[in-house]
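Report on the structure given below.
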There are 2 protein chains.
Amino acid sequence: MAVVTLKDVAKVAGVSYATISRALSGSPEIGESTRKRVIKICEEMGYTPNAVARSMVMKRTNIIGLIVTSIDNPFMSEMTAHLEIYARQCGYNLMVCNSSYDPALEKEVFSLLVGRKVDGIIMIPVGSESYDALKTQTAQVPTVFIGENMMDLPENFVSVDNTAGMQQATEYLYSLGHRNILYLGARDNSMTHKLRADGYYNACKKLRIEPNVLRNSSARSSVQVGYELAKAHFEQPFSETAILCAADTLAIGVIQAAYEKGIRIPEDLSLMGFDNITFSALPPISLTTVNQPKLELAVSALDMLLNRIKRPETPHTKTILSPSLVIRNSCRAIGNN
Amino acid sequence: MAVVTLKDVAKVAGVSYATISRALSGSPEIGESTRKRVIKICEEMGYTPNAVARSMVMKRTNIIGLIVTSIDNPFMSEMTAHLEIYARQCGYNLMVCNSSYDPALEKEVFSLLVGRKVDGIIMIPVGSESYDALKTQTAQVPTVFIGENMMDLPENFVSVDNTAGMQQATEYLYSLGHRNILYLGARDNSMTHKLRADGYYNACKKLRIEPNVLRNSSARSSVQVGYELAKAHFEQPFSETAILCAADTLAIGVIQAAYEKGIRIPEDLSLMGFDNITFSALPPISLTTVNQPKLELAVSALDMLLNRIKRPETPHTKTILSPSLVIRNSCRAIGNN
DNA sequence: TAAGTATATGAAAACGTTTGCGTAAGATTT
DNA sequence: AAATCTTACGCAAACGTTTTCATATACTTA
């Protein structure tokens, strides 16, 4: 358990500990022979630099904070996996925190990470109100938001074009003959969901069909919420031929409720989601949905953050990636009279 | 961006910075009036202690390293969520790394975390060989393994009783009338999977039925692997009436392959998994499986680790939790002649 | 009132690095 | 051979805390 430090190595090698440091960091101002000798001794003694001490003097931790609403959400865990791997390749480690969809907690963990002196923070915010709440804090450390569109705000973010994606989805259902499409899961506390609903409204207007929206009053879009919304909806007779969900998780909840009611998908009802989480692809689910390019989102976010860490003065940047339709088996064409 | 330090506060408050530190840490040897005054000034100036500097002197980071094979695996992401939340309540943050099922990478990230001076490490190892490879490293920092049974090794771990669980699963299928049960996904590089297979063998012996095992030569148990194994198996005529999988993810892959072949579950084939990941519960999947108590695993692991951090001298401890059968709709009773 | 005891505060060391600056020795130039 | 330049290394400061030890002040007590 006795940890070997620079001083220990220096004593053995018979040089000052500055020399050791230089040998290891590949500094040019050191003799080739001593470098080799020192490195050998370091290996023999099992010396590993103390990252904490290094951070102290270098004023840089090489740690990136990641705040997600909930890591056990397939969309976020996929993204986290991408982020962690790429970050490590760039020499950074990830400190991960759940905000648990709680704005107060989100603020708290943000402060925690600031106190930890992380070099930057990537966050998937609880909702659009997060920005105001964190205004003073994001000034203290480079921050990049993922998912939440902040086009009008002086913030860095990367997201998918939610409006275009949902509009495309609506048009796809229309092209299959659907005229009575229920939009399920609109939320007000999230710009993402506002924009997605916009896409639906835009399409309705363009296609001259009547919008029909079932709102989600909860703060999150989970399987459970989708189940409950759909269950309540299915209690009454309904005339929609398709349901378009604000998120795949919601759609999976709808499948559950439909299953219990004996409503077959896609025979009796067409269903679409948004996000393209891994499990949507499984044949028993086989959800037609809109893909969010998770790897590209992760890479863009990290690149953006790293860039900001290097040059904090650069103006805020915004990246919007294109979503794409993923056609599977949860929708069917119907005759439109 | 100018960060305010103890010295800055001290200057404003007109006291030494030792006093500030004491006021904030709740030390008793300080006047009540100065404490209040100092705290007020700290708040006004927006002072937050530098955790790196604190770690330096306290020789403790309050960071726990978590190494998982892959964070985007529902079992691990659920566990990670539990761990992060509980750890934070205990005053720790989580540094998360993927080993990507690669023993070499696993070793590398372990060293990385040691260099970061994390207070302890929780890891879900790639396989049983991880122990040997990391022997020297686990001596450097308190480590707790999750999932992998190391009953014979001088290590700390918490796991579920894999053998009992799989035996129970086999007996359940037997009780439904199944006599020809394929065990799919046995692996050699993981003690967990060895023990699960043992459970199957034990039950076969006890019930006097012929064991029938399809091995998994890959290093991981993913949906993809399950799909491929089952697909190959379904190419030939087969006589099994049930398939028992070493993991839920494998079973989901089997569902996919069965679906493509027009094999209905449970009508044509009964199917069981192990782990009880969230998605197994969804009606279209509705997998009968064996539950691993993820919250309890997480809590036990962290308690064990925290205990070891406090008292590194304590002997290694091992906790084995009980799995439980979760009966859903992927199995049916058949007449046994 | 003198001596002793609490109590509140300050000074300074320590944690393990990186790095700017100084310098001795060796190499190069004239 | 003297002067200059390079090279290789050591010294010591700095990073921002916590904490031990010393000390000054105020408060008891005889």
Side-chain angles (χ1 to χ4, degrees), chain A residues 1-39 41-42 45-63 91 112 114-119 140-141, chain B residues 1-39 41-42 45-63 91 112 114-119 140-141:
Chain A
M1 282 276 185
V3 191
V4 18
T5 76
L6 264 194
K7 269 181 198 157
D8 302 326
V9 182
K11 211 169 289 170
V12 173
V15 295
S16 80
Y17 50 91
T19 304
I20 317 274
S21 173
R22 279 192 267 253
L24 261 41
S25 68
S27 159
E29 51 175 35
I30 193 176
E32 203 47 47
S33 61
T34 26
R35 151 166 298 138
K36 281 198 180 127
R37 198 169 59 87
V38 164
I39 288 184
I41 294 178
C42 284
M45 298 182 67
Y47 168 73
T48 17
N50 181 327
V52 176
R54 173 179 288 167
S55 296
M56 182 94 244
V57 39
M58 300 190 59
K59 296 176 158 304
R60 186 183 64 186
T61 53
N62 276 41
I63 298 177
L112 222 65
V114 170
R116 288 246 181 236
K117 302 295 161 190
V118 297
D119 293 345
Q140 300 181 56
V141 57
Chain B
M1 282 277 186
V3 190
V4 20
T5 76
L6 263 194
K7 270 181 197 157
D8 301 326
V9 181
K11 211 169 290 170
V12 172
V15 294
S16 79
Y17 50 91
T19 304
I20 317 276
S21 174
R22 280 191 269 252
L24 260 39
S25 68
S27 157
E29 50 174 35
I30 192 175
E32 203 46 46
S33 61
T34 26
R35 151 167 297 138
K36 281 197 180 129
R37 198 170 57 86
V38 163
I39 289 183
I41 293 179
C42 284
M45 299 182 66
Y47 168 73
T48 19
N50 181 326
V52 176
R54 173 180 287 166
S55 296
M56 181 94 244
V57 38
M58 298 187 64
K59 296 177 157 306
R60 187 183 63 188
T61 54
N62 276 38
I63 297 177
L112 221 66
V114 170
R116 287 243 181 238
K117 301 296 161 190
V118 297
D119 293 345
Q140 300 182 55
V141 56

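Here is the naming used below: chain letters follow the sequence lines, and residue numbers restart at 1 for every chain. What you are looking at is a predicted structure, and each value in this text was computed from that prediction instead of being measured.
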**Message:** So which atom in B:Tyr47 and which in B:Leu24 form the shortest heavy-atom distance, rounded to 0.1 Å?
**Reply:** CE2-CD2, 3.5 Å
**Asked** In whole angstroms, how far is the C1' atom of C:dT18 from the CD1 atom of A:Ile20?
**Response** 14 Å
**Item:** Whole-Å gap separating C1' (C:dG16) and CG (A:Leu24)
**Value:** 14 Å
**Message:** What's the closest nucleotide to the side chain of B:Ser21 if the choices are C:dT17, D:dT18, C:dT19?
**Reply:** D:dT18
**Message:** Expressed as a whole number of angstroms, how long is the span from B:Arg35:CZ to C:dT7:P?
**Reply:** 14 Å
**Message:** As a test of reading the structure: which of D:dT18, D:dG16, C:dT17 is closest to the side chain of B:Ala53, going by heavy atoms?
**Reply:** D:dG16
**Item:** Length of the line joining A:Arg60:CZ and C:dT17:P, which is rounded to integer Å
**Value:** 16 Å
**Request:** Report which part of the nucleic acid B:Ile30 touches: base, sugar-phosphate, or nothing (heavy-atom distance under 4.0 Å, all strands).
**Result:** sugar-phosphate
**Asked** Which nucleotide in the set D:dC15, D:dC9, C:dT19 lies at the smallest distance from any side-chain heavy atom of A:Lys59?
**Response** D:dC15
**Request:** With DNA chain D as reference, determine whether B:Pro49 or B:Arg22 sits nearer its 5' end, using the nearest nucleotide of each.
**Result:** B:Pro49
**Prompt:** Of all heavy-atom pairs between A:Val141 and A:Val118, which one has the smallest distance, and what is that distance?
**Reply:** CG2-O, 3.6 Å
**Prompt:** Does a nitrogen or oxygen in the side chain of B:Tyr17 sit under 4.0 Å from OP1 or OP2 of C:dA13?
**Reply:** no
**Message:** Between B:Arg37 and B:Ala13 (side chain of the first, backbone of the second, donor and acceptor by atom type, cut-off under 3.5 Å), is there such a pair?
**Reply:** yes
**Request:** May I have the distance from B:Leu6 (atom CG) to C:dG10 (atom P), rounded to whole angstrom?
**Result:** 13 Å
**Fill in**
Minimal heavy-atom distance between A:Val4 and A:Met45, with the atoms involved, is CG1-O, 3.3 Å
**Request:** Measure the distance from CE on A:Met58 to P on C:dG16 and round it to the nearest whole Å.
**Result:** 18 Å
**Short side-chain N/O contact from B:Thr19 to OP1 or OP2 of C:dG10, under 4.0 Å** = yes
**Item:** Selected nucleotide, minimal atom distance to B:Met56 side chain, candidates D:dC9, C:dG16, D:dT18
**Value:** C:dG16
**Request:** Find which nucleotide of DNA chain C each of B:Glu32 and B:Val57 is nearest to by heavy atoms, and output the residue with the more 5' nucleotide.
**Result:** B:Glu32
**Prompt:** Roughly, in whole Å, what's the span from NZ in A:Lys7 to P in C:dT18?
**Reply:** 13 Å
**Prompt:** If you check every side-chain atom of A:Asn50, which of C:dT17, C:dA11, D:dT17 has the closest atom?
**Reply:** C:dT17
**Prompt:** Looking across every strand, which nucleic acid part, if any, lies under 4.0 Å from A:Val15 by heavy atom: base, sugar-phosphate, or nothing?
**Reply:** sugar-phosphate
**Prompt:** Nearest heavy-atom pair of A:Gln140 and A:Val114: which atoms, and what distance?
**Reply:** OE1-CG1, 3.6 Å
**Prompt:** Checking all strands, does A:Thr34 fall into the base, sugar-phosphate, or nothing category for heavy-atom contacts under 4.0 angstrom?
**Reply:** sugar-phosphate
